Each structure stands twice: as C-alpha cells, then as structure tokens.
Amino acid sequence: MKIIRPYLIFTLATLLLIFYWSSLPEKINSATFSPSINLGNSSAITLDNGQLQFYQDKTQNLSFKQIQSEKLQNAFQPLKGNLGLGYIPDNVWLKFSIERQEADQPIWWLEVLPAYLDDIRLFHIDPAGKLTQKKSGDFLLMSQKQENYRGTIFKLDLLAGQHQFYIRLKSSSTISAIVKLWQPDQFNQYTRSSYFVFGLYFSLILTVFLFTSVNWLIIRQSIFFYYALYLLLNATQWLAINGFVSEFIFPEQPLYANLTLGLSLALAAAFAYLFYTKIYELKRYHPATYLLFMLGAVVGIITAISVPFGHYQKFTPILLLWAIMTTLITPWILVRLWQKENLSQRLIVIAFGVFSILLSINILSTLSIIPFNELTIYLGMLSNLCHILILHFALILQMQEKEQKYEQAKIDTGIAQETIRREKQLSAEQGQFLEMMTHEIRTPIAVIDAANESLKILVAQKKPNEEQTQRRFHRISNAVKKLNTVLEMALINSKHESWPFELQPEDLIGISKEAIELLGLQAENTIRIEKVDDKEIVVKADRRMLRIAMLNIIDNAVKYSPLKSTILLKIYPEAYQGNNGICWLVNDLGAGIPDIMIDKIFNKYQRGDDSSNRDGLGLGLYLFKNVIEQHQGHIKVKNLPDKGAQIGFWLPL
C-alpha cells in the first residue's frame, strides 16, 4: 500500500490535469462565432474566444484567390481557443474581421505566436476593398521584418469600417497559433517587461550551467557532464522557441535559427534521458526502465539527425510521445527514492514530480492532445525551474553525501588496516611471549625433574639422608612456586588491560614479603627491607596485581646483582605533587641501566642484557608500569651514584 499510494496520487494528478485541458472545447458552432471584433477601449485583445475561423489546406498550395471562393469560405470552421493541430505538414488559414469605429484607436499591432512558425502571410482587405499583403515568420530575415522583434508582428493602420483579415500559416514544426491585437504603448510595455523576465530566466540557467560545468571539471562525474549539456541544450531550445536565436544569434541566417530549434530540442531530450538514468541509478535498480530510457536517448539522437534532412516534423511526435510514456512509468522509481528517507533523494522526487507534470502538459498541448495556449508554453519553461531551484540543489547534496560516504569508507578502511596491523603485531607478540614462556617454564620443570630423580635414588638406598631429602623437597617446592608465579604472571599479562581492578586497603610490607617468598631462598637471603618504623603501611591496591608488579622489580634486582650481595628494599612516606604517598624502591648492586635504555625498559617485551647467569621471568617491565599507573601512581627509576640502579614506584595514600 505504501508503494501504490504515491504512484496513484502522481498518476491521478497528471490524468486530472490532462482531462481538464482536453475537456476545454476547441471548436464552436457557427451560431456562436463572432462576425467581427469591436476594438472599443481595449488595449490588448487575444483572439481566443470565438473570433477566429480556420481552414486546413491539405494540398499545401491554395492561393488567396482560391481561399476566397464561396466553397472554401463555407469550409472554414470556428475556433474556441487558440489554433493547435500538432505536427502536420498542411498549410492552415485563419480569418477574422475587425469593426473599427471612428472613436477607436486607428493604429494596432497584430502579433502571431509562437515565434518558430516558418512562413506567415497576412492578407488585409480594408473597408474600401483594397487588398494589402504582408509577410513574416521564422524564415524571414530580421532586416526584412517590420519590427526588430523576436516574434511576428504586423502594424495595422485601420480606417473606420469593416476589415477582413486572413492569415496563412506554414511550418516545419507544430502548427499552433496564438493571435493578439495590441495598442502600441501596451505592446511596448509588455515587450520591456517580458525581455526583463526572460533575461532573469536565462541568466539563472546560465549560472547553473557554469556552476555545473565547474563541478564536472573538478569532480569528473559523468552525471554533471550530462546535466550541464542538458541545461545548455534546453536553454538553447527555449531561446529558439521564443525567437531569441533569430533575433540575436542568427538574425540574417533564418535557416540556422530553424535548425537550432530542432537540434537543441532533440539533443536536450537525449541528454535528459542519459542524466536521469544516472540520477535514478536505473541500470542497477530498474534494468527494464533503463532500456526504455536508453531507447529514448537513441530516439532523441535520431530526431536530431533528421532535422537537417527535413524530417523533423515526422520524428518529433515520436520523441514527445516517448517522453510521455517514460514519464508515466517513473512513479515506481520515485517511490523507491522516497522510501530511502534521504533528503537529496526526496528533493529529486519533488523536483521530478513537478517537472514531469508541467512538462507533460506542455508536450500534450504541443501535440494538440489538449488545447494549446500561451500558458502551456510557459509551463514548459517553468518546468526547468525545478531543475534549477530543486534538482540542482538535490544533485549537489547527493554528491556531498557520496563524498561523505567516501570519506567514511576511507576512515573505515583505515580502521580495518589498523586492526589488521594490530592483529599482526599481537600475533607476533603472542609468538614472542610463548617463546619466552616456554623458556621460563623449562627451568622449574627441569629442577622438579632432577629433584624427583634424586629422591628416587635416596629412597632406593633405603637409608635416605634427612638433610638431603629436605633440601630436594625444598627445591621442588621453590620450583613449583616459580612455575605458579610464571603462569600467574602470564595470565595477568594477557588480560591486565581489561582486568577489573579491585582496590582494597592493603599492607604494603605484607605484599612485599609475599613477593620475596615467591621468588625462593635466593631472594629471601639477598633482600633486606628497610622502613621508617614498625607501623603497617596501608595503601589502596589490588593485592594480586601489585604483588605481580613487585615480583618483576625484585626478580630483576636479584638477576642483575652479584651473588651473595645485599639488595635493599626501601619503603618510606613521600609527598608528590601535593599528595601524600608511599615510595617503594629497590636498590640493586648490578651494573646499572645504560642511559639510552632508561626510557625503553618499560616497553612491552623489552629485555635488558644477558650478563647475568640467572634467567629472569622474561616478561619485562611493561606490565609493572601499567599496573602502577592503574593504581594512580608513577614510576621511579635512576642509576645510583656508585653502583647499581634504583627502580620502584610511588603510590598515593
């Protein structure tokens, strides 16, 4: 139902408008025909209310003398409205009469629209029976016209009495005509205002054309190229329809002006089809409609080719009917665009909806399916404003949206590349970590295995030495502790960045003793704790994580200090940046830290030199740094003046 409703609304609106125009009667019977026009005080009179009669000359060669015969005079039919016969090759005769009173204005101008009618002959029989013949039309040189005017204008000097007028129309385009009588002042005023409005209209199209052309030169999107050419050709078409090409571009080459109209109309249609296949993405979403639009472009090109060969009148109706057909099937496309709930897409729907309705009325009136009048001409021009005021904005907005999507795609690509890089780095680190863990686990396993074999030998002797047995049990116990410590550190090292910290009041000295005990007899015999008093030193900490951090520092101190040397562990209060806290520092007697390594030793998997003959835990100080930082503390590291290094941390109380 959501899809059908917009389609029905669009179709019904179009059909109702067409029905309204087609229901207006074009012809009236002879009883209602006005035998003559009374000028009176009117300043402008449009002969669309029964003042005209017409005759269709299918032979195309009847003379004025033959037209005056009684038989043909009776063949004239009255008109209600303007003349509109579509694309026919016949000549058409119009006749009307004017009754001028003595008090009426004698000088009048007779205008015949549209400006693209090729050959217009005016035959005037005054009250005295004198015949005057005048010639105008699109095929007449501008210098030979009575007035330098874009359309057809005849000057009439009317004597008092009855005047008979005949107009013969001949055109290679559509046979349509609007006939007006003007008083000179009123006509001059109308001309000035109309030229001003036309100037604004075409200036706006030129501005959008230039802007679109610049966009195409910068972005190189084919949709901008098609749209720019469509605007240029469409503007040229309306310039020709309104006579500006004849007046300003080819004033003395009427054939070129006539060709310009046919070529620009046909090619504008072709590029319109190409443009809409792009903006609607027909090839992707509507392949059948895409073929119809591409065939429409082909029909436009064929029509353009036919123009120089004089077949424009045959092919143009096909092109225009094709436009009506494709217009009626596009609501399904508009529904899809509207359902995207995207501003640029909905603007396109609005623009094309208004454009297609207005242009359909113009085309149908040109084909004489509905009555032809001056309003239908201007509706065709008004349809272009949908491109200029709505569609162009929608097109720019659509391009901006595509640019934003492109930029987002670049960002997403960058994120994906960074993710891949990090995964590769993590994989490499995991491989390195596994290698180190394998190395570290091998030592306690070897100790356990050796002690176990020794115990077997002692048991086999049936006289085990108590001291040797206890020493081996102690070695096994220490190795197991070391193995547990390594595994615990491995677990925390892999998860510490997302590990939930549980901060509780903890005894800093008690945690330190646990860490020393986990490292075995060598650490217990080597490390001496120095504190300011015997009171408990309590900090908020995650006991497990802080113990692991201490293990790293103490283990490194034992590893890099000479055998049987004393390692000092200092714990004392100290203020830092105005906050009270506790310093926990380990002084070793090793070779110290090279200056270039002081800033690097806390990097992940960074190892010191291997001058010590004792393996360390191998996990580096990266974990230590992160644990302390998550306790809101900071690292302290420096080389001692005499020998060794001092590494530790400060924690707030």
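Keep in mind the model is a prediction, meaning the values are calculated, not measured.
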### Task
Starting from the C-alpha separation in whole Å, work towards a yes-or-no answer on side chain to side chain contact (heavy atoms under 4.5 Å, CB included) for Leu156 and Leu181.
CA-CA 9 Å; Leu156 305 180; Leu181 286 169; 4.0 Å; yes

Could you check whether any side-chain N or O of [X] sits under 3.5 Å from a backbone N or O of [Y], counting only pairs where one atom can act as donor and the other as acceptor?
X	Y	value
Asn362	Thr376	yes
Gln66	Ser63	yes
Thr327	Ser356	no
Asp118	Ser172	yes
Gln146	Lys155	yes
Trp322	Leu292	yes
Asn91	Gln60	yes
Asn242	Phe244	no
Ser368	Gly84	yes

For the atom pair [atom1] ([X]) and [atom2] ([Y]), what is the distance rounded to the nearest 0.5 Å?
X	Y	atom1	atom2	answer
Arg192	Phe187	CZ	CZ	11.0 Å
Ile301	Leu319	CD1	CG	11.0 Å
Ile241	Thr236	CD1	OG1	11.0 Å
Leu321	Leu364	CG	CG	8.5 Å
Asp90	Lys58	CG	NZ	4.5 Å
Leu229	Asn234	CG	CG	12.0 Å

Can you confirm whether or not the ring centre of [X] sits under 6.0 Å from the ring centre of [Y]?
X	Y	answer
Phe154	Phe165	no
Phe202	Phe209	no
Tyr55	Trp93	no

If you count the non-hydrogen atoms of other residues, nucleotides and ligands that lie under 6.0 Å from [atom1] in [X], is the total more than 12?
X	atom1	answer
Phe248	CZ	yes
Lys134	NZ	yes
Lys278	NZ	no

Restricting to non-hydrogen atoms, name the atom on [X] and the atom on [Y] that form the minimum distance, rounded to 0.1 Å.
X	Y	value
Leu141	Pro254	CD2-CD, 3.4 Å
Ile370	Ile361	CD1-O, 3.5 Å
Arg336	His286	NE-NE2, 2.8 Å
Thr277	Phe293	CG2-CB, 3.5 Å
Leu261	Ser264	O-OG, 3.1 Å
Ser171	Tyr116	OG-O, 3.9 Å

#### Entry: Residue pairs involving residues 309-321 (criterion side chain to side chain donor-acceptor pair (under 3.5 Å); sequence neighbours excluded)
none

Using a 4.5 Å cut-off on heavy atoms from C-beta on, say whether the side chain of [Y] contacts that of [X].
X	Y	result
Trp338	Ile350	yes
Asn373	Asp48	no
Thr326	Tyr273	yes
Thr212	Tyr226	no
Leu79	Leu94	yes
Leu169	Ile120	yes

### Task
Salt-bridge test for Asp119 and Arg121: reply yes if a basic N is under 4.0 Å from a carboxylate O, no otherwise.
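Yes, charged N to carboxylate O under 4.0 Å.
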
#### Entry: Side-chain H-bond candidate by donor/acceptor type, Asp185 with Gln189, under 3.5 Å
no

### Message
Going by ring-ring contact (aromatic ring centres under 6.0 Å, His included), Tyr166 matches just one of Phe64, Phe96, Phe123. Which one?
### Response
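Answer after filtering Phe64, Phe96, Phe123: Phe64.
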
### Message
Would Gln221 and Trp216 count as a side chain to side chain contact (heavy atoms under 4.5 Å, CB included) here? Give the steps.
### Response
CA-CA 6 Å; Gln221 292 280 347; Trp216 174 71; 5.6 Å; no

### Query
Only one of Gln68, Gln164, Gln51, Gln73 forms a side chain to side chain donor-acceptor pair (under 3.5 Å) with Lys95, so which one is it?
Gln73

### Task
Would you please test Tyr201 and Asn384 for side chain to side chain contact (heavy atoms under 4.5 Å, CB included) and show each step?
CA-CA 10 Å; Tyr201 177 82; Asn384 278 340; 3.0 Å; yes

### Task
Report yes or no: is the cationic atom of Lys180 (NZ for Lys, CZ for Arg) closer than 6.0 Å to the six-membered ring centre of Tyr190, at no more than 45° off its axis?
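Yes, Lys180 lies over the aromatic ring of Tyr190.
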
